[in-house]
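The first residue in the sequence is number 1, and the count goes up from there.
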Amino acid sequence: FCLPENTEEALINDCIISDKIKVTFSVFGAVSIRKIFTGFYLDDFKSNQNVPDLSRFFTVNFKDNIDFALLCQMLGDIPGVLFVQPNRLLQNPEYDNEFYANFTNKSFPLDDPNDLDWAKQWNLKNTTRGIGCPSAWAITTGDSTVRIGVLEDGISSQHYDLDIFGGRSFKLINGSPAAAALDTSLSNTRDHPTQVAGIISAKTNNLRGIAGIAGGNNGTSGCRLISLQIIDWTEEVLAYALYKAPSPTYLDCDIVNMSFAYDCYSEPVRAAISFCNSQGVNIVAAKGQAVAPDSSFYFPADLDYSWVTSVGCFGKDGLFCDNGDSCYTYSHFGWGVDILGPGEFYPSLIKPGNGAQDFNDSDLNWFLGTSGASPHVAASLGLLRSVLGNGLKPIDYESILKLNSRDEYGYSNDGNPQTWNSRYGHGCLEIGSTLEFATNTDNEIVHFSTNGSLGIPLCSIKRGYTFMS
């Protein structure tokens, strides 16, 4: 079926629809139909078949509640219908700010930046547990040509330790997903995305707050922070926001971080992530966490092995955050997990007035879990792009991170990041050695598996690659 020419939405009776679909829609009281990815047409796909055909995705509106299972059964029997799913309301299982608050952490060594609470940032240190930021900062503190998007409820623009360089709010306007001006009011920003943003690009070496991984140096800008603010959490709006993330007119993101996880698969979100990948955007997503972690599929982290960098977490002991150790949070694991980031109590930023009392500066709180681990990886990709430029493919940057991950701990215990297992992925993030590797022109890029079970070299490599059970 198709809509009338030059329209994005129309009444069912005005559309060209096959008889079988029209009869089915009539039985269930369908009223109207609209495109999810407005502005994308079949000719866009025909002219560049390296991108997914987003012109095939529609939302159908019904006048009453319907028996969705029966609708799926009837539409599924019609040739040409590829998938049917509800436009679900999404709730973030990791937005629990009480869980992140009011913990103390003491006895950390003090070195390097002059940020007031740097001493508590074990996660970034040049140690066997931290990710090696001081070594990385000797090479780059982030470049303003690299733009990192935080896709969540909205970052607090009032925080003294953050600069937001742009963004959009995504919501339903007259029932359709749309982009609007960024809403920076305190009532429409949240603690959780502000914590994520602080890990990525809190201003570094500025005598305030904390050091961000890609936050520049003493007033010099690092990677640019972009806010992709979701106002109406539906799958349709989430997919639309991802679709707009690469657009120079809107956001021009090179990297998008998503610190949330759901147990429901979404075909429109998968298509939008595929589109981002085709436009050169790295997508980073948290694997998710629970008191009883498991190896089930969680989305968007598990949508596709080669399109999304799926992030689990490790603790201050360097080990995977399992429910058998001392971590306060437990990381999901299983197929698709690529790399681990720090996931056990470290400081980050929070909305003004909401901070804990454990710090030398104001408006800070503790952060943890895969929600915190994911922005470590997104920011590290930002530093890597700052060194190598934005001209490589997303899988190239991801592969360099995985190749240089730390793998001397844990279940694999073989010291080789070219092996994989279901808890550690390829190992623990180490950005210092990664940038040293990336700036050595004698090294080659290794592409890892695209199916989660076999190691497949996609370009010339010097070393073999195997999976471990």
Side-chain angles (χ1 to χ4, degrees), residues 105-144 146 148 161-162 197-223 225 255 313-318 339-349 359-361 364 366-367 372-388 397 400-409 417 427-440 443:
N105 235 329
K106 300 182 184 298
S107 69
F108 295 90
L110 177 64
D111 54 9
D112 301 311
N114 60 26
D115 304 82
L116 288 184
D117 284 284
W118 165 251
K120 298 180 176 68
Q121 293 186 265
W122 70 268
N123 48 314
L124 305 191
K125 299 295 179 64
N126 276 348
T127 67
T128 54
R129 306 297 187 266
I131 67 170
C133 280
S135 295
W137 292 333
I139 299 171
T140 183
T141 57
D143 192 278
S144 60
V146 179
I148 304 176
D161 215 11
L162 278 179
I199 297 298
I200 294 171
S201 62
K203 300 173 188 177
T204 302
N205 215 29
N206 67 335
L207 291 168
R208 294 297 308 271
I210 62 169
I213 296 171
N217 181 22
N218 192 25
T220 301
S221 295
C223 296
L225 186 65
I255 301 159
C313 65
F314 65 88
K316 285 183 283 186
D317 56 4
I339 196 167
L340 304 187
E344 185 178 6
F345 296 121
Y346 34 76
S348 191
L349 312 182
F359 306 98
N360 296 316
D361 213 338
L364 303 178
W366 298 108
F367 203 25
S374 183
H376 284 78
V377 174
S380 295
L381 287 168
L383 294 185
L384 189 56
R385 283 177 176 257
S386 297
V387 169
L388 297 178
Y397 302 109
I400 294 171
L401 276 192
K402 293 191 292 190
L403 178 65
N404 292 280
S405 61
R406 189 177 64 246
D407 194 37
E408 68 264 35
Y409 300 108
C428 301
L429 176 67
E430 221 297 331
I431 187 56
S433 61
T434 298
L435 292 193
E436 291 168 2
F437 173 92
T439 52
N440 185 340
N443 289 323

Task: From CA spacing to verdict: side chain to side chain contact (heavy atoms under 4.5 Å, CB included), T141, T204 - done: CA-CA 9 Å; T141 57; T204 302; over 6 Å; no

Task: side chain to side chain contact (heavy atoms under 4.5 Å, CB included) between F359 and I210, worked out - done: CA-CA 10 Å; F359 306 98; I210 62 169; over 6 Å; no

Task: Audit row: I131, N123, side chain to side chain contact (heavy atoms under 4.5 Å, CB included) steps and yes/no - done: CA-CA 6 Å; I131 67 170; N123 48 314; 5.9 Å; no

TODO: Report the C-alpha separation of L116 and L207 in whole Å, then their side-chain angles, then the decisive distance to 0.1 Å, and conclude whether the side chain to side chain contact (heavy atoms under 4.5 Å, CB included) test is met.
DONE: CA-CA 6 Å; L116 288 184; L207 291 168; 5.5 Å; no

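How far CD1 of I200 is from OG of S380: 10.0 Å, rounded to the nearest 0.5 Å. Separation of atoms CG (L383) and CD1 (I148) is listed at 7.5 Å; rounding is to 0.5 Å. From C223, atom SG reaches atom CG of D143 across 7.0 Å, with rounding to the nearest 0.5 Å. Distance check: Y397 OH to L384 CG gives 7.5 Å after rounding to the nearest 0.5 Å.
The closest donor-acceptor contact from the side chain of D117 to the backbone of N360 lies under 3.5 Å. Between the side chain of R406 and the backbone N or O of G130, at least one donor-acceptor pair lies under 3.5 Å. Checking side-chain atoms of W137 against main-chain N and O of N217 turns up no donor-acceptor pair under 3.5 Å. Side chain of N205 to backbone of N218: no donor-acceptor contact under 3.5 angstrom is found.
Counting heavy atoms from C-beta outward, L364 and L349 have side chains that approach closer than 4.5 Å. Contact check for D115 versus N206: side-chain heavy atoms found under the 4.5 Å cut-off. At least one side-chain heavy atom of Q121 sits less than 4.5 Å from a side-chain heavy atom of P347. The closest side-chain heavy-atom distance from F314 to P342 is below 4.5 Å. The shortest side-chain heavy-atom distance between F437 and I400 falls under the 4.5 Å cut-off. In this structure, L401 and I431 have side chains that are in contact, with non-hydrogen atoms separated by less than 4.5 Å. Side-chain contact between L340 and L429 is absent, with no heavy-atom pair separated by less than 4.5 Å.
Shortest non-hydrogen contact noted between D161 and R208 is OD2-O, 3.7 Å. For the pair A379 and A214, the tightest heavy-atom approach, listed with the atom from each and the gap, is O-CB, 4.2 Å. Here the closest non-hydrogen pair linking W122 and F345 is NE1-O, 2.9 Å. Nearest heavy atoms, N404 versus T434: CB-OG1, 3.4 Å. Pairing each heavy atom of A197 with each of L162, the nearest pair is O-CD2, 3.9 Å. Annotation for D361 and G209: closest pair OD2-N, 2.8 Å, computed over non-hydrogen atoms.
In the model, N126 has a side-chain atom that pairs as donor or acceptor with a side-chain atom of S135 under 3.5 Å.
With S386 as reference, V146 is the one residue of V146, L381, L435 to meet the side-chain contact (heavy atoms from CB on, under 4.5 Å) rule.
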